[in-house]
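The structure under discussion appears below in the form of structure tokens.
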Amino acid sequence: MFSFIGNKDCVSTQYIEINSTGTIQCSFQEGFFGVIWYNSTDLFHDEAVLTMKDSVKSGRGFTSGKLDIYPNGSLIINNVSIADEGNYTVIKLETSQQKDKPYVISVSVIAHPLSNQPEIDFCDNSGGICFQTLDKKSNLLCSLRDARPVIAINWLVRTIEGDRKLSSHLSIASEDGILFTSRASTNNPFLYSPLLTLLVCKGESSATILEDNESLVLVQNRDESLMTSQPRKLLLQNGSVLELYCSNSHISYLVWQLKTTSDIKFKNVLLAVYLEEEITQNYEKEYKSMTTGSLILNDVGIQHEGVYRCISGNGYKNHITLYEVLVFVLASPTHIVVEGCPVQQYCVLNVEPEGTLTCSLNGIRPHVELDLEDVSGSSSTFLTFFNKHLTVKSNGDTFDVSLTLQYRFSGGSGSRVTVECKVTKTDIEQFYLSTKFDLLFLFYFVKIEQVFVRELKEKYRDLYDGVQPIPYIRDRLYCVDSVFVEGGIEYMATREKVGGQAIWRNLETYINILSDEQVKSTRRILEGEPGYGKSTLLLQLAYDWCNKIPSSHLEKTDVLILLRLRQLRGVISVYKAIKQFLLPKDSTLTESDIEDILRKSSSIVILLDGYDEYPDQDTNSDVINIIKRNMFQQVDVIVTTRSAYLPKEYPALTKRLRLTGFDDKARDQYIRKAVVADDTNAEQKINDRLKENPVLKDLCQVPLLFVMFAHMSHENDSFQTFTSVTKFFRYMISCFHSHMKNKMKDENVEKYDLFETDHSKLDQLAFDALNSATPQIVWTKDDMCRMLGNDFYEQYVRIGILREEEVLDITNNTEIGRYKTEVQFYHKLFCEWYAAHYLSEYAAREEVTFNPWAKSAQTEHSVYGIDPLVDCNYETGKGNETDDYFKYLDPFDLQYVYRFACGINSKAAEKIIEYLKSRKDALRFAALCSLERSGKVEDVLHNVQDLCSTTVYIRNDDTFLLQRSNIQLLEIAETNKVR
């Protein structure tokens, strides 16, 4: 008996397949004499079954035909049966007398199972991945039939972290004791993942008898609710690419499903697994998936409409995404066709006063509604439509839509009316179609130039007769000519320079703006800070034109155009702007009429008010082209703006002027003209109060604020003496609220909460508006109501702190315009007042380090989102360095924010003042902030004495803040007789 196992020539364990010809491999090198094979290891008692010596074969196995041998010594077993299983011994003969050591080989008989991988019940088991929908406790069965030796199989859950064992029951069965069937079952497939799970049935055997030892099944839980949010609606054009995203999180496997309008339930479109290898199972061949889990369809059609659902998972978590895909088809042709009009040309139809109009869209899906309306404005009074009839005809998958109606024109100021046929009630952007055309009637009533000028003058009369000096007294309106007082006006003398810079010279009167040789040009820019009277001066010019004032250069001007640029968001055409904002809504004049009139007029003046508030500065609008002198080259144009917001491009011939505010003479003139008439005692009383309040003198250089001061001090006998700007402004705000409270005392008047002290949301809104690289000055009414609340908003509009303005909103790059309400503070100082409340509260926090002009990048922040502190712990509310939070609140632009903040909160004032003292260019300003904190002039007298101890120079190249700070301290010195 030998126990030798084998070597590299003869592998010790080998397998042969039942019912086939098997080979026991023993590959001996050439040159040996012979080989002897035994079917046992007892070489002393058992006879050899096959011998080959010198190429001659013998033995009972050979003679029976059961066995044979290859030249290299390997044994051939024909028609393998279970009896052939056992140990075999082979001896190699080097020569006829010399034997080599015996080799023992263990031979097992195997049988491949009926399938080349584990079989999962109810799967086709043809490779790839199977999908099943089961109940939560369903029994899932996997098997391998008629295999030898026994193959153990078990259930696993495949996850992003690897395979996890699943409780399963294994059973082995055999009918003849030769072939065996293995079965594994599990009744808890959703142990790790509740909705969608990837299961693996895996076979394990010492013999390699399986081509693939794994089968995969993706199982969806029938019991788990698939209710999620509403599907995201996706509109796609016929023939475009459909791409649907499954999930933002990591996806290990997914199933895309679809339910069309004709389906009762969802059907599978595609399965995919992205674990050890990517496996994809397509149920619909035209779809494909990306490695990200996206579903792609290159040529979407109407048949692909429906609700798409992606269920994904990673072995532990599941995610569901829903899309409702709608396919639309553009009309052919792609525009609305008007009967009688040439294709794709602007059309003018010569028509009778009564008739029929038809417009249509063909080959569109889904079907839409059409409407036809007069878009000329005033002609709507005279043009009526009736007997509208909409026809929708099905044409397979598309529709032909036609609108027919009758019209009647009863007359008006013009014979030409613009009408528009357009699509209504659609969610598809590409369906916002419209076709405009003109109806030219066969009569004409009034010369259109006369109508145009008359309508302009009516508009300007409404504007200049509605001047409101005190915002909270809305029932007291003035004509601009009754209150207009000239402040200082200067022009830039470009030919005169000091230190390389052009100097500013006085202009005698505003009347000379259009006539003085020093500012002779077709382009002028009129600069001025907020409240300095830019808009009021333009209203005075409009008054002069309307009333043909003999001393005015405008007396003989044919047409004057005054546009408020903040209203013109999205309005590219200047003719459309004039039509929308200067002419009445029922005007019969069209944009084409306006263009014709302006081209034929011999003298025109265009006034563009508020370039700094113009929302479309970066467009190629007509306004920009007018400023650049690309349009109306020979027309006089005046543009108003703040000095810091000059147009980016303007011609070299442009003349610059600026308003410098009210001096003592202008203030006296206003008091006599608009406040006290000929009452010299009342006039003296107002001037005395201004002298008693030297800190207000800088504020009262601003015409708008002086006007409020003059009226308030005249009408209120209890007007106080103020030692700081903060105290004056607080008093002024209280007057706004007091006036409204007095109104509420009247009988049968609804009472409102005035929110006089609770304005924290407005504080932060104002702060964020100013603390920005591009400060915000205008909000929509809807946004403002959402941020502040409707009640708060309405009260502050009633009080006058906020003001509304109706502007045109152009959307979707079409000519369809809708009016909306925009909101802004009555004056920028009001915005600074409320921003200062937020700044003072914030800067007073112990954790805040106050260095507001650090150069680090500013962190984005939101008024109503997360607290914008940099490096802030949102649980404790404590922060680290917050220097860059105030990055854009530069005192050189916003001095009153800091002065107000110092007057509101002394703790914040300490930090602000200390910082200002550390800056050489802000020492004087720090003294003014100290005055705001204490409200006592005595606290800053030592600064004033230091200033007056030497000659004070106010240089042209000093910062504006330094100039104003020195002037105010000198005024305090004069009032307190400091020497």
Side-chain angles (χ1 to χ4, degrees), residues 724-727 729-730 733 755-773 775-776 787-789 792 825 829-919 922-923 925-936 939 961:
S724 71
V725 175
T726 305
K727 290 182 178 180
F729 219 84
R730 184 180 287 119
I733 294 292
F755 302 98
E756 183 170 1
T757 58
D758 181 14
H759 45 73
S760 58
K761 290 182 179 179
L762 184 62
D763 297 343
Q764 191 169 356
L765 179 145
F767 175 83
D768 283 346
L770 298 177
N771 188 27
S772 171
Q776 184 173 4
M787 292 186 285
L788 302 179
F792 185 101
F825 284 92
L829 268 178
F830 288 81
C831 185
E832 294 186 24
W833 171 255
Y834 289 101
H837 279 77
Y838 181 83
L839 172 62
S840 64
E841 184 276 330
Y842 188 89
R845 300 179 189 175
E846 292 182 2
E847 67 270 17
V848 171
T849 301
F850 200 83
N851 180 12
W853 305 285
K855 294 183 179 179
S856 55
Q858 185 185 30
T859 301
E860 291 293 330
H861 55 278
S862 170
V863 178
Y864 301 99
I866 300 174
D867 186 357
L869 276 170
V870 178
D871 296 331
C872 179
N873 183 320
Y874 297 111
E875 295 181 1
T876 65
K878 297 190 179 221
N880 300 320
E881 286 291 328
T882 58
D883 292 349
D884 62 351
Y885 186 36
F886 308 98
K887 173 181 176 181
Y888 295 111
L889 288 182
D890 193 332
F892 293 92
D893 296 325
L894 301 166
Q895 66 151 313
Y896 284 106
V897 174
Y898 288 92
R899 292 178 69 173
F900 288 152
C902 290
I904 292 168
N905 189 308
S906 60
K907 192 172 182 180
E910 292 178 8
K911 296 182 180 181
I912 294 173
I913 293 167
E914 283 303 313
Y915 176 76
L916 293 173
K917 287 180 177 179
S918 70
R919 293 181 55 150
L923 284 173
F925 183 52
L928 293 177
C929 289
S930 297
L931 176 59
E932 296 298 323
R933 176 179 61 177
S934 65
K936 297 178 181 179
D939 290 348
L961 179 63

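In what follows, residues are counted from 1 in the order of the sequence shown.
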Name the one of F825, F900, F729 that satisfies ring pair (Phe, Tyr, Trp, His ring centres under 6.0 Å) with F830?
F729
Pairwise distance OH(Y896) to SG(C831) - rounded to 0.5 angstrom:
15.5 Å
F767 and Y834: ring pair (Phe, Tyr, Trp, His ring centres under 6.0 Å), yes or no, with the steps?
CA-CA 7 Å; F767 175 83; Y834 289 101; over 10 Å; no
Which residues pass the side chain to side chain contact (heavy atoms under 4.5 Å, CB included) test with K917, sequence neighbours left out?
I913, E914, L923, A926
Spatial distance of atom NZ (K907) from atom CD (E841) [nearest 0.5 Å]:
11.0 Å
For T726, does its backbone N or O pair with a side-chain atom of E932 as donor and acceptor, under 3.5 Å?
yes
The criterion is side chain to side chain donor-acceptor pair (under 3.5 Å); which residues satisfy it with H759, sequence neighbours excluded?
D763
Within-4.5 Å side-chain heavy-atom neighbours: R899 and F925:
yes
Test side-chain contact (heavy atoms from CB on, under 4.5 Å) on E832 and Q895 and set out the steps.
CA-CA 9 Å; E832 294 186 24; Q895 66 151 313; 5.9 Å; no
Residues forming a side chain to side chain contact (heavy atoms under 4.5 Å, CB included) with A908, sequence neighbours excluded:
S840, A843, A844, N905
Kindly compute the distance separating CD1 (I733) from CH2 (W833), expressed to the nearest 0.5 Å.
7.0 Å
Does K911 reach the main-chain N or O of R845 with its side chain, forming a donor-acceptor pair under 3.5 Å?
yes
Kindly determine whether Y838 and L765 satisfy side-chain contact (heavy atoms from CB on, under 4.5 Å), including the steps that lead there.
CA-CA 9 Å; Y838 181 83; L765 179 145; over 6 Å; no
Backbone N or O of A769 within a donor-acceptor pair of the S772 side chain at under 3.5 Å?
no
